[in-house]
Amino acid sequence: LEGKGKADDAIAEYDRLMKRHPDEVELGLELAAKLVAAGERERALELAADIEARVAKRPKSLLLLLDFYNLNDEGERALDVAERVVALRPRSADARVALGEQLYQMNRIDDALAQWATLPRLVRPVHRGHAKHAEVLSEHGRTTDAVAALKIALKLEPEEPRYLRLRAML
């Protein structure tokens, strides 16, 4: 329907689908992305907000919404979603990485680093947490900090091939 220029009908059809299949988020976000591309940004953001309200307690769905907001230059909305994911799953390393990524994109470097610094406490075994911390830091050009985190991981697990490979790349 959306392809035929019938955005209202497509949105109505999506609303009906959501009532039967509340986990279907990707289709709605795809529709919202097409609305943005068609110049109907406000309408797309309304649809995204509706989806957000429906999936407010589902971290995986919220992460899809986070991506949508980022792809459409809605950094503040993306930050709100990332913070909600962390609130729902405070011990999730993926949630902390996502929030840190969002903060980093918004040039809130210290806040991002603080989120990523929690990884060694969240990922088990602990050497994997330090290695994950090192990986994230290295992806953001924080080589000195990444090397320090990796040294801890290697001290705990000196023969782990992934850590040795990361050390070689740093």
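If you're wondering where the values come from, they're calculated on a predicted model, not measured in any experiment.
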(request) Of all the heavy-atom pairs spanning Pro59 and Arg89, show the shortest one and how long it is. (result) CG-NH1, 3.5 Å

(message) With heavy-atom distances below 4.5 Å as the criterion, would you say the side chains of Thr143 and Val147 are in contact?
(response) yes

(message) When you group the ILVMFWY residues by side-chain heavy-atom contacts below 4.5 Å and let the links chain together, are Leu164 and Met169 in the same group?
(response) yes

(message) Between Leu65 and Leu88, is there shared hydrophobic-cluster membership here, with clusters defined by ILVMFWY side-chain heavy atoms closer than 4.5 Å?
(response) yes

(request) Give, for atom CD of Glu42 and atom CG of Leu47, the distance between the pair rounded to the nearest 0.5 Å. (result) 12.5 Å

(request) Please name the pair of heavy atoms, one in Val36 and one in Ala44, separated by the smallest distance, quoted to 0.1 Å. (result) CG2-CB, 3.4 Å

(request) Check whether any side-chain heavy atom of Gln115 lies under 4.5 Å from a side-chain heavy atom of Val136, and answer yes or no. (result) no

(message) Working note: Val81 + Arg77, criterion side chain to side chain contact (heavy atoms under 4.5 Å, CB included); need CA distance, chi angles, decisive distance, verdict.
(response) CA-CA 6 Å; Val81 170; Arg77 289 180 188 205; 5.7 Å; no

(request) Would you sort out whether Glu76 and Tyr69 count as a side-chain hydrogen bond (donor to acceptor under 3.5 Å, both in side chains), showing the intermediate values? (result) CA-CA 9 Å; Glu76 288 298 327; Tyr69 283 142; over 6 Å; no

(request) Grab the two heavy atoms, one from Tyr104 and one from His140, that are nearest each other, plus how far apart they are. (result) OH-O, 3.1 Å

(message) To check you understand the geometry: which heavy-atom pair defines the closest contact between His130 and Leu156, and what is its length?
(response) CD2-CD1, 4.3 Å

(request) Could you please spell out the steps behind the side chain to side chain contact (heavy atoms under 4.5 Å, CB included) verdict for Leu35 and Leu45? (result) CA-CA 9 Å; Leu35 288 169; Leu45 293 175; over 6 Å; no

(message) Are Arg58 and Leu62 packed together at the side-chain level, in the sense that at least one heavy-atom pair is separated by less than 4.5 angstrom?
(response) no

(message) Give me the atom names and distance for the closest heavy-atom approach of Met106 to Gly75.
(response) SD-O, 3.8 Å

(request) State the CD-CG distance between Glu101 and Leu79, to the nearest 0.5 angstrom. (result) 13.0 Å

(message) One pair to check against salt bridge (Lys or Arg N to Asp or Glu O under 4.0 Å): Arg41 and Glu46. What are the steps and the verdict?
(response) CA-CA 9 Å; Arg41 182 176 188 77; Glu46 287 172 15; over 6 Å; no

(request) Find out if a path of hydrophobic residues (ILVMFWY) with successive side-chain heavy-atom gaps under 4.5 Å connects Leu66 to Val86. (result) no

(request) State plainly whether one hydrophobic cluster holds both Leu63 and Val97, where clusters connect Ile, Leu, Val, Met, Phe, Trp and Tyr through side-chain heavy atoms under 4.5 angstrom apart. (result) no

(message) Once salt bridge (charged side-chain N to carboxylate O under 4.0 Å, His left out) is applied, what residue pairs with a partner in residues 160-170 remain, sequence neighbours excluded?
(response) Glu160-Arg162

(request) Following the transitive rule for hydrophobic clusters with a side-chain heavy-atom cut-off under 4.5 Å over Ile, Leu, Val, Met, Phe, Trp and Tyr, establish whether Val55 and Leu64 coincide in one cluster. (result) yes

(request) To the nearest 0.5 Å, tell me how far Leu122 CG sits from Trp116 CH2. (result) 14.5 Å

(request) First locate atom CG of Asp145, then atom CG of Leu150, and finally report the distance between them rounded to the nearest 0.5 Å. (result) 12.5 Å

(request) State whether the number of non-hydrogen atoms from other residues, nucleotides or ligands found under 6.0 Å of Glu26 atom CD is greater than 12. (result) no

(message) For Ile109 and Arg142: C-alpha separation, side-chain torsions, deciding distance, then whether side chain to side chain contact (heavy atoms under 4.5 Å, CB included) applies.
(response) CA-CA 11 Å; Ile109 307 303; Arg142 313 280 306 186; 3.9 Å; yes

(message) If the threshold is 4.0 Å, N to carboxylate O, is there a salt bridge linking Asp80 and Arg84?
(response) no

(request) Measure the spacing between CG of Leu99 and CG of Leu103 and express it to the nearest 0.5 Å. (result) 4.5 Å

(message) Taking the ring centre of each residue, are Tyr163 and His127 less than 6.0 Å apart?
(response) yes

(message) Quick one, Leu27 with Leu31, criterion side chain to side chain contact (heavy atoms under 4.5 Å, CB included). Give me CA distance, side-chain angles, the key distance, then yes/no.
(response) CA-CA 6 Å; Leu27 185 63; Leu31 177 57; 5.9 Å; no

(message) Can you give me the closest heavy-atom contact between Ser138 and Ala146, atom names plus distance?
(response) N-CB, 3.7 Å

(message) Could you measure the distance from the CD atom of Glu135 to the CG atom of Leu119? Nearest 0.5 Å is fine.
(response) 10.0 Å

